[in-house]
Every structure is written in structure tokens, then in C-alpha cells.
Amino acid sequence: MFNNKELFKTVFKEQLVSRLGRSMEDATAGDIYKILGGLIREWVGQEWAKTNQNYRVQQEKQIYYFSIEFLIGRLLGNNLLNLGILKTVQDGLLDLGWDLEQIEEQEPDAGLGNGGLGRLAACFLDSLASLKYPGHGCGIRYKYGLFEQKIVDGDQVELPDNWLQKSCVWEEQRLDERVEVCFWGRVEVREKNGSPVFDTVNCEKVWAVPYDVPIIGYDSSIVNTLRLWSAQPSIDPSVIKSGEFNRHDRFLDYTRSVESISEFLYPDDSSYEGRLLRLKQQYFLCSAGIQNILRSFDKLELSYTKLPDKVAIHINDTHPVLVIPELMRILMDEKGYGWDEAWDITTRTVSYTNHTLLSEALETWPVHMVRELLPRVYMIIEEMNKRFCGMLLERYADRQYLVSQMAIIEHDQIKMAHLAVVGSHSVNGVAELHTKLLKGSVMKPFDDLFPERFNNKTNGITHRRWLMHSNSKLSHLINESIGTEWIKHPQQLLQLKSFKDDAAFQEQIMNIKRNNKLRLAAYIAQKQGITVDPDSIFDVQVKRLHGYKRQLMNILHVMHLYNEIKDAPTADHVPRTFIFAAKAAPGYLLAKSIIKLINVVADVVNKDPEVNSKLKVLFLENYSVSLAERIIPAANVSEQISTAGKEASGTGNMKFMMNGALTIGTLDGANVEMYEMLGDDNMFLFGLRSEEVLEFYKHGGYLARDVYEQEPWIKRVIDQLVVPGPFCTYDREFELIFQSILEHNDEYFVLYDLDSYAKAQAAINEAYLNPQDWASKSIVNIACSGRFSSDGTIHQYAEDIWDIRQVQPSNFV
Ligand code: 26Q
């Protein structure tokens, strides 16, 4: 049906009538979306069932990717692309009077994540299915995704993201596969055949109900599964009769507390209740996921010692680390294994990725909290700690300090990263520099102890979503120039290098970019009523708002440009449009005041007729996957300006590169590997190196106040934060920002790097004045970006960590 436009149109119209009771003439865009999504979901059902059946029959080893976040965004466009039916559907709908793009916009973003870590999980699922690997996601079906951001008078306001309101066309509830998860209770020990047996009594039971989302591979005939768990009350009628729920309000309390488990991504953790809820979420995911894996494994009728041959479990940061004690618990308490055997099975099955070196993001949980909520799991963690410390004591008899430094439990806190390293067979960082720093700093003693465990896997992005879907014109131009082999082998994009000096190709590249800029300009005009000049440099910084990402440095530089223009209004300036989008964590006040500052500066700059033909500033609200897909193809300049050593990898950097933007950046995260390919000719580097930053942290020697006193233009912009003037309406308006720099000595070296940043920005202006040269650099960026396809990353995980193989659907029964 989907390969024949006329047939598609006929079926589509029939469905519209039979399912919705609507004729084509009366249908809304929402109706069209619903019918189209439903049709596709049904159509992939066959291949979904076939994939699952064959995985079962052929007993292929499966990888389960556990993540507290899956930032998958919209699925319609990508599913059409991967199924190879985009064109038929697009043309068919056009005949019926509808523009596919408009239909795609009907789909709410599945915002089940807040940034890089969650988006990486989504890119990995796309690569797994496209490369025919048996790999699935395991996550939580949050009722509300990451908050919707509104900007009101320059301030961020958070609204709930009720993405399921209109029901999700892709998901399938599988009630028959629900499992029970237990909280609280008390552990009782009894003896059976001379061995202790542990029972948890009086626990609170919760149903974990799976909702499956098909993950469709690109031209692969593989449909893998993202299984999202939802919490529902589990009430045994006998319990109600027995009187425990004789009071209606207690029943309601229970129901509320259960449903809250899968209600919000990142519950507010400023209170004890909030933190407890987060811990509940983590265990809920781990326990449901592990029970589910073991249930499938049971069907193979193999010994559990064979589990690592059939299953790999990967944990995306430490949030799902409780899979380790949970697997131990089931193997020992339910399957009858002893500690050593269970430990061997568990560690050979689990692997772990670290995504951050920031100390505030390294998870710890108070012992009492885990002990109360998960008494049996706590006993197992305690035993792990005891055994591990015992081993350390023997090995490091002369260096006892290492024992407390490496312990899993210390000062009544459980260190989840230590638990992850000790309980898994592989630990990886997400870019070469990050892995080097991980091995050399926070994880140093672990790397000394288990050197074979540590490895690097540089992140990647799916070129299907981030190039083929979001920038289809560029994708088609590439096909015309180097053929289509790059689609399956993205490293082939390197062939584009031979076009870098081809004037006709350069012009085509620049035309596509200009069209993308016009499309973004139209969006901006519609949303904010502001016109932007498509011939200005579109300079973009879009990512979570965080001190280390240094959006502040960017906006301080913009304030400086404003000052320069005001000082010499008739001087020449290369016109620039600075575009920001970012969400700040609701409780992160400094980040919120940076959002406010950006909005204030935007307002001043955009309204000043002396300035606004040369400089514009936009803050686009509610940054999300779909907004990223609109913004990134339109960028000329990509801002990747984190304090060196702080950004584990970054993945936005790769998306911009793949879309032909030039990067202004520090030698941080994966920027280092981009630079290795691009060199000084094709990237604008500036700022401190990570070794220098570390040296300052260790030995001091940096005083932000010195820079402030010695560089007049910097003093001027810093003062403008607190002295009434163009950007500050009342005395000390941006005091928080001012203090973070001068009182707290600029933790992220914003002032230190500001001058070198301004010089790199000036170099960009120079380069932009030569359009051929700029186009050539842009082409080299696209050509080198294939190295950062998540396909390459997934092949490495598959081979080095998971030991899984690509399947051949042609052999499917
Ligand atoms: C930790 C403790 C308590 C509460 C929350 C958290 C928490 C939540 C989310 C800690 C970290 C995160 C998310 C981290 C993240 O997104 N890291 C990014 O991962 C990307 C993929 O590897 C990298 O490219 C980015 O550099 C990294 O910042």
C-alpha cells in the first residue's frame, strides 16, 4: 500500500471515514496525523512480530539499554524515512491537499529526557535497529516529560508537558507482560537445607505495566522495541477485604503514591519526598526491566550461567545502577545461586557508561533511605561493599586510605558510580578526553585496580534524523554528488572533500543553507514578530543552560558588540544574529538569571535602530528535539564553548558539524576529536586547555578580578550587569551573575577566556567575508562528520563491550 501512491490515497480516505467518521473535506491536521500514524503503526506490526519471533527462535544475544531518559522526539517523519515510504506518503498527502511537514507538527515531542544523555539513548536505538542489532531500550513512561518552557517578561516559566493527552499512536500497552515491583517491608531470614533464605514481608506492591514503542531500522526489516514502564496500583482483593484498605482515603493515598512513580521526569528533589520518589523511579525501572529480561531468558530453558552469553545489560550513567543488586537478588533469592556464581553472572552481563565528571552530578544515596525503601537490595549492596573492601584491605595493606576512598559505602552514603564500576565488566567514557580525565582523576584508583575494564566510546548521532530527515535538501545534494553509499556507510561522506573547491557545489551548499535560514527566520517572525536578516551570520548556542556551558560568556560578548556599535555607529560590522535556546533546571537560580539576561539584552539590541541592522539576539523558548531539528540546519556558527574538561562529549557539536556549521569552541569533549579532523582551517578554537584549567583548580593563580580590572571592555560589560544602564533597569539587577564572577571567582573561567573568545569571533567575521572560502570550510565539516555517526559508535559497543552480532533478516523464518 505504501509503495503505491494511489492505493495509499484510497486506503487513507477509507480509514479516515471508518475510524474517525470524517470525510477528507472535514478532516483536520490532527485527524490526518492520527490516521497516518495508526496506519504506519499497524503496517510495522508484521515486521515487529517477525523480528521478535526470530530473536526468540534464533536465540541471538540481546542488548538491553537501560536509561532513565529517552529523548526520542517525534517519530512520524523518521519512521517514514526509515521505512523508505516518505516520498509516497508525502506525494499522496499533497494530492489530498496536505503538507507532510504540517502533519508531522501535530505530533507532540516525546520529551522523556532533558539533554545529551537522553538524546544519545534515542540515537543509539536508531542505530541498533538500522544496523540489525538485537538491541532494545528500557525506560519509564513518564506521564509528563521535561517541562514546557515559556518566557514571560524574560523569565523562564515551567508548565507541565502533558504529552500523552491526545494518546500516543506508537505505543502498545502489554498488560499481560506486567510485573510486580516491591518497596518497603522487612527482610526475614529462614533456613532451608542448611542455607539462609531471605523473604521480604509486608512490602508494598506496585504493577509495572509495559508500553512498547517500535524502533524501526532504516531499510533493515528490523523493528526493535523501546519498552517504557508505567506504574499502576496492585491491589489484591483479599487485602481490601482483610481491612487494610477499609478506609477509602488510605486506598486513595496508596493509588496516588503509586501513580506518582511514573508521573514526572525528574521530580523536584529539593525535598526528602522528592528524592525518595526519584529513588523509587530508579528501582522501579531496574526491577521491572530485570524481571522482564529473566522472563524472556527463562523461555530458552538454559542455565543462568549462560545469561551473559544471551543478554547484555547496559546502564546509561548510574541512574539504573540498581540493576546490579537486583539481578543479584533474583539470582540468589529466587533462582538459588550462591554469591560467587551470582556475582560472576551479574558482572559479566552488566556494563556502564559514565557521562560526567562534575562532582555535583555523581550520584549518592543515603544508606537509611535505601535500607528502608529496598531492604533486601540494601543488604546486597552492603555485602558487595564488605567483600570489595575486604579485597582492598588485603591488596592495599600499605595504603589503607585507598579503602575508604574506593568503598561503595562511605559516611552513610552509597556511591553509585563505585557500585557501577565494581559490579560491571566495562566502564566507558564518552569522548577520548573525557575517558582520559576519568581514568586520571575521579576513577584513578579504579583504573589502577581494573585497568582492563576502562575504555572509550566516543559518542555519535544518527545521521538519519540529524541530516537525512532534518536537512533533506542537503541530503539530496550529497546523493547527487557522491551517490547514496554514505547512507549505510556514513564515513563515505569524506568523499565530499573533493568538492570543497568546486564553485558550483559551494553555491549549492550555500543556497541550501540560505533556504534553511529563511525557514528559521519565518518561524522566528511567526513566534516573536521579529525579522532577522538571512544574510547575517546565524550564530547558535542551543543546549541545557549550565554554568560550565558558558552561555554567559556568549551573552557578555554580545553586550560588548552592542557597546562597540554604540560607540561607533557608522563603523563596518559583519551582521550577526545570535540565537539561543535553553532550559534551566527549575531550581538553578543562576541559570535562570542568565536566561533573563539573554532576554533583556535581546530586547535592548533588537529595539535599537542604531544597532539592529547589524546585531540581533533571539531566545527561542521551549528547546526540544523538534526545535533543534529546525534550528541546526540553519546555523552558520556553532557555539561549543564549555570550560575545557567539563563537557564530557557534547553531541550538539556533531549535529551542527554534520549540517555544515563552523564551530567556535574550546578543546573540550568531542570537540578535540572534531579538531583532529578539521584542523585550524576549518574550526575556530580559543581558550584554556583542560590541563590549564586543572592546574588552576589545583594550585590557584587565577583571579577573575584581575581580568576585570585590567581589561576595560570586560570591566564595562560586567559593570553593566549591576549599574543601571542599557541592560540593567534597577540597581544590581544581575547581582547573582556579578557575584558568581567577582565574589566566587568565576568557577568556569568566563572572564579568563573572554578575550580569546572575542578574538576568535573576530576571526569568524573575517572568514565570513569570503563566501567561497566559508563554503569550502562548511563542506569539509560535512565531509568529516560521518566519523560521528552513532552507527560507528554502536559497532564499537557491539564488538568491544556487548559481544552481539548483526542479524540477517533474510534468514528469518
Ligand atoms: C544526578 C543526580 C541527581 C539528580 C540528577 C542527576 C543527573 C541527571 C541527569 C545527572 C546527570 C544527568 C544528565 C547528564 C547528561 O546529559 N550528560 C551529557 O551526556 C551527553 C551524552 O554522553 C554528553 O554528550 C554531554 O557532554 C553530557 O553533559
Side-chain angles (χ1 to χ4, degrees), residues 65 67-71 111-124 139-140 142 146 264-271 274-282 314-321 352-366 369 413-417 420 427-435 437-438 456-462 542-550 582-588 623 625 628 640-656 665-666 668-674 690 788 790 793-794 797:
Y65 197 85
S67 180
I68 206 86
E69 299 187 18
F70 281 94
L71 196 43
L112 309 182
N114 86 112
L117 169 148
R119 184 54 232 175
L120 186 76
C123 284
F124 279 5
I140 296 178
Y142 302 104
L146 188 65
F264 291 103
L265 167 79
Y266 297 125
D268 172 13
D269 62 1
S270 57
S271 68
R275 282 192 294 279
L276 185 68
L277 189 53
R278 199 175 147 79
L279 181 61
K280 269 190 175 177
Q281 288 186 328
Q282 295 189 349
H314 198 86
I315 55 175
N316 199 21
D317 217 296
T318 55
H319 321 140
V321 76
Y352 152 62
T353 297
N354 172 286
H355 294 266
T356 185
L357 298 168
L358 298 186
S359 53
E360 65 269 29
L362 291 176
E363 274 194 307
T364 58
W365 289 104
M369 208 159 170
Q413 295 283 325
I414 309 177
K415 296 181 173 173
M416 306 314 253
V427 180
N428 73 280
V430 289
E432 278 164 17
L433 175 68
H434 169 62
T435 302
L437 295 174
L438 195 65
N456 177 60
K457 293 287 167 284
T458 299
N459 282 166
I461 56 168
T462 165
V542 290
K543 48 183 80 248
R544 284 302 298 248
L545 213 135
H546 200 289
Y548 82 80
K549 295 180 186 277
R550 299 202 292 195
K583 289 180 180 176
Y588 190 174
Y623 187 54
V625 174
Q640 307 302 335
I641 60 179
S642 52
T643 313
K646 298 281 179 192
E647 188 70 272
S649 159
T651 42
N653 46 3
M654 302 167 183
K655 293 165 198 163
F656 283 98
T666 47
D668 198 14
N671 295 356
V672 177
E673 288 153 78
M674 283 164 55
S690 62
F788 298 104
S790 46
T793 315
I794 282 298
Y797 274 91

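In this chain, numbering begins with 1 at the start of the sequence shown. Start at 1 and go down the list; that is how both ligands and their atoms are numbered.
Distances between N or O atoms of Lys549 and those of ligand 1 include no value under 3.5 Å. When only interatomic distances are considered, the shortest N/O to N/O separation between Glu69 and ligand 1 does not fall below 3.5 Å. Considering backbone and side-chain atoms together, Glu647 places an N or O closer than 3.5 Å to an N or O of ligand 1. Backbone and side-chain nitrogen or oxygen atoms of Val430 are examined, and none is located within less than 3.5 angstrom of a nitrogen or oxygen of ligand 1.
Annotation: atom 12 (C) of ligand 1 to nearest protein heavy atom, His319 CE1, 4.1 Å. Leu117 CB, 3.5 Å is the protein heavy atom nearest to atom 15 (C) of ligand 1.
If you take CZ on Phe788 and SG on Cys123, they are separated by 14.0 Å, rounding to the nearest 0.5 Å.
Those atoms of ligand 1 with a heavy atom of Gly650 less than 4.0 angstrom away are 23 (C), 24 (O), 25 (C), 26 (O). Per-residue contacts place Tyr266 under 4.0 angstrom from the following atoms of ligand 1 (heavy atoms of the residue considered): 8 (C), 9 (C). Taking every non-hydrogen atom of Tyr548 and a distance limit under 4.0 Å, the qualifying atoms of ligand 1 come out as 28 (O). For ligand 1 and Ala648, the ligand atoms under 4.0 Å from any heavy atom of the residue are 26 (O). If you number the atoms of ligand 1 from 1 as listed, the ones under 4.0 Å from a heavy atom of Asn459 come out as 21 (C), 22 (O), 23 (C), 24 (O).
Side-chain N or O atoms of Asp668 include one that pairs as donor or acceptor with a backbone N or O of Gly645 at under 3.5 Å. Using a distance-only test at 3.5 Å, with no hydrogens or angles considered, no donor-acceptor pair links the side chain of Asp268 to the main chain of Gly274. At distances below 3.5 Å, not a single donor-acceptor pair connects side-chain atoms of Tyr352 with backbone N or O atoms of Val321. A donor-acceptor pair under 3.5 Å is formed between the side chain of Ser790 and the backbone N or O of Ile461. Although no hydrogens or angles enter the test, the distance criterion places no donor-acceptor pair under 3.5 Å between the side chain of Asp317 and the main chain of Leu117.
No heavy atom of Gly669 sits closer than 4.0 Å to any atom of ligand 1.
Judged purely by distance below 3.5 Å, without hydrogens or angles, the side chains of Ser642 and Glu647 never pair a donor atom with an acceptor atom. Between the side chains of His355 and Asn316, at least one donor N or O lies within less than 3.5 Å of an accepting N or O.
Here the shortest heavy-atom distance to atom 4 (C) of ligand 1, taken over His546, Glu360, Arg278, Glu363, belongs to Arg278.
Ring geometry for Phe70 versus Tyr65: interplanar angle over 60°, hence perpendicular rather than tilted (30 to 60°).
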